[in-house]
Amino acid sequence: MAQSTIDWFAEPNMVSGWIYDDGNRIEIEIEKNGHIIGFGENNLARNDLESAGLGACAFTIETTEPFSYYDVLSGNIKVFYKKDSEKTEIEIRSDVIKSIKFKVFSHLLKDFQQMDAHELEMYIFNEKKSIDDNIYYAELASISSLNNNKIPLPQHDDIQKNISPFYIKVGTVSPDLQCEVGTNGHLFLTRGSNNVLSIYDHEYASKEVEESAEKWINLFKERRDFCSGIGARFIEVVIPDKLSVMREQYDGMGSSPSPLLQMLEYKINQNNLTDHYVSGLQAIEKIGFSNAFRKIDTHFQPMGGHALFKDICTKISPSYNVPAQFNIDYITTGDIGKRFFGQDLYEKCSRAPHPIFHAGREVLEQIWPQPGRFTGGRVVFKNDKAPFAEKVVGFGNSFMNDYESQASLGYWLSTFFREFHLVTQPDINKDYVKNVNPDIVIGQTVERFLGFVPNS
């Protein structure tokens, strides 16, 4: 049975989502008041879907007639997919409906930006007398958000005067229902298109977990044997999700890897694959999970990226030393913060001084992903001053591809190795690897994507 979902509607004529049916192309129809206003197929690539191993199965369709968010809320707009001559309606998830309601609300709020201060004060005063407190404070927060967008971005100099810590109730859910507030200022992605909480759906010894782990083991062996056949070393890296290693700060439950990650690491030991595996879980546990992960982001702090890179280097050669002292504070946004207030939140992080040989790093080639795609991009680096002589090819996702940030593996690999090829995709392109003829091939994924095994 096909898996399908609608991710968003955008006035006046765009609908987007995805349908996965074992790689098959599926026809899609959009109806308004019972007549067809749009056709399409599930043939578009998207970063999150490709990283999850689903391939190009997204769709974004431009309708021939305009529609409004009110049409969606009233049920006038329906989306169907056709398979084997059978037409099936794609149910619009409640979180998508709530998101549309929020967009409608946001449009209405823009009117308040035109009010002068006295008029706005009188409106708020009158509202307080006639509505529930929770709604009243939600309105205040939304109006404040619109006005605060006029504030200039904080500067890195004199950090304490440019950002301010604040407290919010634990368990608060973002308006798009995808994220929640944990303790100690940590924000967590809990749902989203990858449905992070679903990594706990199966028991440790369940049939589904066993089968998925075995598929990954077979893939690791295939990758190892392929690399060995061309004279290269293969290393697989699996990074745990922030939610699994810091779950006690999300909902008070004991933190533990998902059943699939636990089973996978058990089977890696059983199959004597440890020489080709770097456990992100073990790497960042050495420095403490709260030191490894950002507070308002799902990704690492610089210290976390460096800790994982150290273990990769140790796997390549025990003599490789990659010291770093994280003593330069800076301000940065995150990939979750904006979901709560419609504007960026900030946090203070610390990075290390660039190694002196970082100045020798240069980009030899940069291929951007095709329009509408987030995977398939490539950047090739050369650094004649780098301390490690190997040529490395890395296939990974967002934990690797930000080569400007020390939180990313891409920064460290492109700085410390003489040549590094960064390819953003879950599959290992064997033709590309053969052509480059590297010393080391790295495959990198993250815990929430383990349910989808790449093809190669």
Side-chain angles (χ1 to χ4, degrees), residues 5-10 16-18 46-49 51-52 69 72-73 92-110 132-149 151 153 163-200 241-253 290 293-301 331-347 374 398 446-448:
T5 189
I6 297 171
D7 290 318
W8 51 263
F9 295 87
S16 184
W18 58 271
R46 213 172 68 187
N47 184 44
D48 56 340
L49 298 174
S51 296
Y69 291 134
V72 179
L73 295 176
I92 303 174
R93 302 192 317 266
S94 61
D95 60 311
V96 175
I97 293 295
K98 287 185 174 70
S99 177
I100 291 172
K101 289 179 179 178
F102 189 75
K103 289 175 181 176
V104 171
F105 181 49
S106 298
H107 287 324
L108 296 174
L109 280 174
K110 288 182 180 178
D132 179 84
D133 275 356
N134 288 336
I135 298 176
Y136 168 69
Y137 287 114
E139 287 186 356
L140 284 183
S142 300
I143 293 171
S144 173
S145 175
L146 289 170
N147 291 330
N148 286 347
N149 281 332
I151 299 173
L153 297 178
I163 60 172
S164 180
F166 66 95
Y167 297 92
I168 186 169
K169 188 164 63 176
V170 171
T172 298
V173 179
S174 61
D176 63 3
L177 308 181
Q178 309 301 297
C179 306
E180 294 185 35
V181 175
T183 59
N184 297 316
H186 280 282
L187 306 181
F188 292 90
L189 176 67
T190 54
R191 294 174 179 84
S193 57
N194 304 121
N195 195 9
V196 181
L197 280 172
S198 69
I199 65 176
Y200 294 103
D241 265 286
K242 176 181 176 180
L243 181 67
S244 74
V245 297
M246 300 183 66
R247 188 161 182 177
E248 75 278 1
Q249 298 199 42
Y250 161 60
D251 61 5
M253 293 184 63
S290 61
F293 279 98
R294 298 271 311 279
K295 287 194 171 186
I296 61 172
D297 198 284
T298 57
H299 296 86
F300 287 146
Q301 297 191 49
I331 302 172
T332 182
T333 59
D335 63 3
I336 299 181
K338 198 165 188 175
R339 292 173 181 254
F340 284 87
F341 302 107
Q343 61 188 37
D344 284 316
L345 297 180
Y346 297 85
E347 67 176 305
F374 297 96
S398 55
V446 67
E447 184 177 11
R448 64 179 176 271

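The structure displayed is predicted, hence computed values, not measured ones.
His299 and Asp297 share a side-chain donor-acceptor pair at under 3.5 Å.
No side-chain heavy atom of Phe9 sits under 4.5 Å from any side-chain heavy atom of Lys103. Residues Ser99 and Trp8 are not in side-chain contact: their nearest non-hydrogen atoms beyond the backbone lie 4.5 Å or more apart. Within the 4.5 Å cutoff, the side chain of Asp7 has no heavy atoms near those of the Val96 side chain.
Note: Ser174 OG to Leu187 CG = 9.0 Å, rounded to the nearest 0.5 Å. Going from atom OG of Ser290 over to atom CD of Gln301 covers 8.0 Å, rounded to the nearest 0.5 Å. The NE2 atom of His186 lies 11.0 Å from the CD1 atom of Ile296; values are rounded to the nearest 0.5 Å. For the atom pair OG1 (Thr332) and CD (Glu347), the distance works out to 7.0 Å, reported to the nearest 0.5 Å. Distance check, rounded to the nearest 0.5 Å: NZ of Lys242 to CZ of Arg448 gives 11.0 Å.
For the pair Asp335 (side chain) and Thr298 (backbone), a donor-acceptor distance under 3.5 Å is present. Checking side-chain atoms of Arg93 against main-chain N and O of Ile6 turns up a donor-acceptor pair under 3.5 Å. Thr172 places no side-chain N or O within 3.5 Å of a backbone atom of Val181 that could act as its donor or acceptor partner. Without hydrogens or angle criteria, Thr333 side chain to Leu345 main chain gives no donor-acceptor distance under 3.5 Å.
For Ser244, the side-chain contact (heavy atoms from CB on, under 4.5 Å) partners are Ile199, Tyr200, Pro240, Asp241, Glu447, not counting sequence neighbours.
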Using the rule given for side-chain contact (heavy atoms from CB on, under 4.5 Å), can you reason through Trp18 versus Asp48, listing the C-alpha separation, both sets of side-chain angles and the distance that settles it, and then say yes or no? CA-CA 11 Å; Trp18 58 271; Asp48 56 340; 6.0 Å; no
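When all heavy atoms of Lys295 and Asn184 are compared, the pair lying nearest together is NZ-O, 3.0 Å.
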